[in-house]
Amino acid sequence: MPHLAHIDFHAPSAEVGPLLIGVTLLVDGVGGRIVEAEAYDREDPASHSFSGPTPRNASMFGEPGRAYVYRSYGIHWCLNLVCRESGHGAGVLIRALEPTHGLDIMRARRGVDDPRLLCSGPGRVGQALGIDRSFDGMRLDRPPFELVAREGEPDIATGPRIGISKALDVPWRFGMAGSRFLSKPFPRR
DNA sequence: GCAACGATGTCCT
DNA sequence: GGACATCGTTGCT
């Protein structure tokens, strides 16, 4: 039987990121296996927390083990898992899932049929899982959230993060090597 | 296949 | 006014 993942969200986001690859993320029973995630930190020019707390990023400075949900480009809802200690401002952005649970619900929310277009990108993950501002600050260890432990050690790919203009060399993008559900392929070596 | 672009909330200069 | 942790559509170098 599957069991709950025991992720230590007090660890730095760059350590939590790889640990999340292969973990199943569900919201109200809908979701899939995490195949891509990115770490962000307070001392990180690409991070929302870099310039200090604001009303938007307040959850990122709150307790670890909770959700930080933000609106991207005025349109998409994106989900982060808060890391380190309260007040630090670190998190892991969920960028892509391999859909495993509630495919029909996600198809209806997304308006597409192809499983590879359901959760391959942070905005798509938010839409497929029904995420909005009301999920901001919620605990990840109780409903509607559920994290199911992975089975075995996945082969982890790393590389530079996507869609940013600062700290382009920081290799804090993590993915399941060879997955067909990544938002983009990882650079070859 | 890929570059350009629009949509548009929140924060910064 | 401009940038941005994006995505879907358009139109053709």
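For clarity, every value in this text was computed on a predicted model and none was experimentally measured. Chain identifiers are assigned alphabetically (A, B, ...) following the order of the sequence lines, protein sequences preceding nucleic acid strands; residue numbering begins at 1 within each chain.
The line from OG of A:Ser51 to CG of A:Asn57 is 9.0 Å long, rounded to the nearest 0.5 Å. Atom OH in A:Tyr68 sits 13.5 Å away from atom SG in A:Cys83 (nearest 0.5 Å). Rounded to the nearest 0.5 angstrom, A:Phe135 CZ and A:Phe145 CZ are separated by 6.0 Å. A distance of 9.0 Å separates SG in A:Cys119 from CG in A:Leu25, rounded to the nearest 0.5 Å. A distance of 8.5 Å separates CG of A:Asp28 from CD1 of A:Ile105, quoted to the nearest 0.5 Å.
A donor-acceptor pair shorter than 3.5 Å cannot be found between the side chains of A:Arg109 and A:Gln127.
A cation-pi arrangement is not found for A:Arg42 relative to A:Phe50, the charged atom failing to lie both closer than 6.0 Å to the ring centre and inside a 45° cone about the ring normal. By the 6.0 Å and 45° rule, A:Arg161 stacks over the aromatic ring of A:Tyr40.
Proximity of A:Arg110 to the phosphate of C:dG8: a side-chain N or O atom is located under 4.0 Å from OP1 or OP2.
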When you compare the protein's N or O atoms with those of nucleotides 1-8 of chain B, which come within less than 3.5 Å of each other, and at what distance?
from, atom 1, to, atom 2, distance (Å)
B:dT8, O2, A:Tyr73, O, 2.5

At a cut-off of 3.5 Å, list every protein nitrogen or oxygen paired with a nitrogen or oxygen from nucleotides 11-13 of chain B, distance to 0.1 Å.
from, atom 1, to, atom 2, distance (Å)
B:dC11, OP1, A:Thr54, OG1, 3.2
B:dC11, OP1, A:Arg56, N, 2.6

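Residues A:Pro99 and A:Pro115 come closest through the heavy atom pair CG-O, 3.5 Å.
Between the side chain of A:Arg116 and the backbone N or O of A:Ser120 there is no donor-acceptor pair closer than 3.5 Å. Of the possible donor and acceptor atoms, none in the side chain of A:Arg173 sits under 3.5 Å from a partner among the backbone N and O of A:Glu36. Judged by distance alone, the side chain of A:Arg33 and the main-chain N or O of A:Val23 form no donor-acceptor pair under 3.5 Å.
No side-chain heavy atom of A:Asp8 sits under 4.5 Å from any side-chain heavy atom of A:His6.
With ring centers used as reference points, A:Tyr70 lies under 6.0 Å from A:His48.
Salt-bridge check for A:Arg66 with A:Asp136: failed, with every basic side-chain N at 4.0 Å or more from each acidic carboxylate O. A:Glu38 and A:Arg95 are joined by a salt bridge, as a carboxylate oxygen and a charged side-chain nitrogen come within less than 4.0 angstrom of each other.
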Convert the base pairs of DNA chain C into dot-bracket notation, remembering that pairs crossing earlier ones are written with [ ] and that bases paired across to another strand are shown as |; include only Watson-Crick or G-U pairs under 3.5 Å. ||||.|||||||.
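Comparing B:dT13 with C:dA5, their P atoms are spaced 14 Å from each other, to the whole Å. Of the P atoms belonging to C:dG2 and B:dC5, the separation is 15 Å, rounded to the nearest Å.
Just one of A:Asp141, A:Leu140, A:Val16, A:Leu81 meets the side-chain contact (heavy atoms from CB on, under 4.5 Å) condition when paired with A:Ile7; it is A:Val16.
Within a heavy-atom distance below 4.0 Å of DNA chain C, the residues of residues 163-180 of chain A found are A:Gly163, A:Ile164, A:Ser165. Of the residues in residues 92-103 of chain A, none lies under 4.0 Å from DNA chain B by heavy-atom distance. Residues from residues 112-127 of chain A placing a heavy atom under 4.0 Å of any atom in DNA chain C, listed by number, are A:Gly121, A:Pro122, A:Gly123, A:Arg124.
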